[in-house]
Amino acid sequence: MNYLKYTQYVYLVFCIYFIYDGFSKLNAADDTPWLSFIIAGLALFMFFFRRKFAKKFEQHNNKK
C-alpha cells in the first residue's frame, strides 16, 4: 500500500494539464474551455481527498 502516497500526485498532474488545456481553449475562438476547467477542479478535489485519505490511513497503521 506504499503506492497510495504517490498516486495522489497523478491527480495534481492531471489538474495542471487540464488548466493548461482550458487556457489554451480559452484563447481559441472555436472551443469551449469550461469542461477542461471542471475536470481540473475535480482533479484538484481528488488530490486533496486522496491526500487526506493517505494521512488517515498512515495514522491508522501507526496505532497498530
Side-chain angles (χ1 to χ4, degrees):
M1 295 300 254
N2 196 16
Y3 65 91
L4 286 177
K5 287 191 273 185
Y6 304 111
T7 57
Q8 64 188 353
Y9 295 108
V10 172
Y11 290 110
L12 195 59
V13 169
F14 280 134
C15 177
I16 292 169
Y17 170 73
F18 280 110
I19 287 174
Y20 170 75
D21 185 49
F23 278 117
S24 66
K25 286 182 179 179
L26 191 63
N27 291 332
D30 297 339
D31 296 332
T32 55
W34 306 117
L35 184 60
S36 295
F37 289 133
I38 290 171
I39 294 172
L42 183 64
L44 189 64
F45 169 76
M46 285 299 296
F47 168 73
F48 286 115
F49 179 77
R50 293 287 261 181
R51 186 173 164 183
K52 182 179 178 182
F53 179 76
K55 285 182 181 180
K56 187 183 289 187
F57 191 74
E58 185 178 320
Q59 287 176 354
H60 180 71
N61 282 341
N62 288 340
K63 286 183 181 180
K64 288 186 177 184

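In this chain, numbering begins with 1 at the start of the sequence shown. Side chains are part of it too, since the values below use all heavy atoms of this structure and drop only hydrogens, waters and symmetry mates.
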(request) To the nearest 0.5 angstrom, please state how far the SG atom of C15 sits from the CG atom of L42. (result) 10.0 Å
(request) Please tell me if the side chains of F45 and Y11 come closer than 4.5 Å, counting only heavy atoms from C-beta onward. (result) no
(request) Would you give the length of the straight line joining atom CZ of F48 to atom CD of Q8, rounded to the nearest 0.5 angstrom? (result) 10.0 Å
(message) Are T7 and R50 packed together at the side-chain level, in the sense that at least one heavy-atom pair is separated by less than 4.5 angstrom?
(response) yes
(message) With heavy-atom distances below 4.5 Å as the criterion, would you say the side chains of L12 and L44 are in contact?
(response) yes
(message) In this structure, would W34 and I19 fall into the same cluster of hydrophobic residues linked by side-chain contacts under 4.5 Å?
(response) yes
(request) May I ask you to check whether over 12 heavy atoms, not counting those of F37, lie within 6.0 Å of atom CZ? (result) yes
(message) Over 60° means perpendicular and under 30° means parallel, so tell me whether F18 and F14 are parallel, tilted or perpendicular.
(response) tilted
(request) Name all residues meeting the side chain to side chain contact (heavy atoms under 4.5 Å, CB included) criterion together with L26; count only those two or more places apart in sequence or in a different chain, and write none if there are none. (result) F23, P33
(message) Taking M46 as the starting point, is it possible to reach V10 by hopping between hydrophobic residues whose side chains are less than 4.5 Å apart?
(response) no
(message) Same cluster or not: Y17 versus I39, using hydrophobic residues (I, L, V, M, F, W, Y) connected whenever any side-chain heavy atoms lie under 4.5 Å apart?
(response) yes
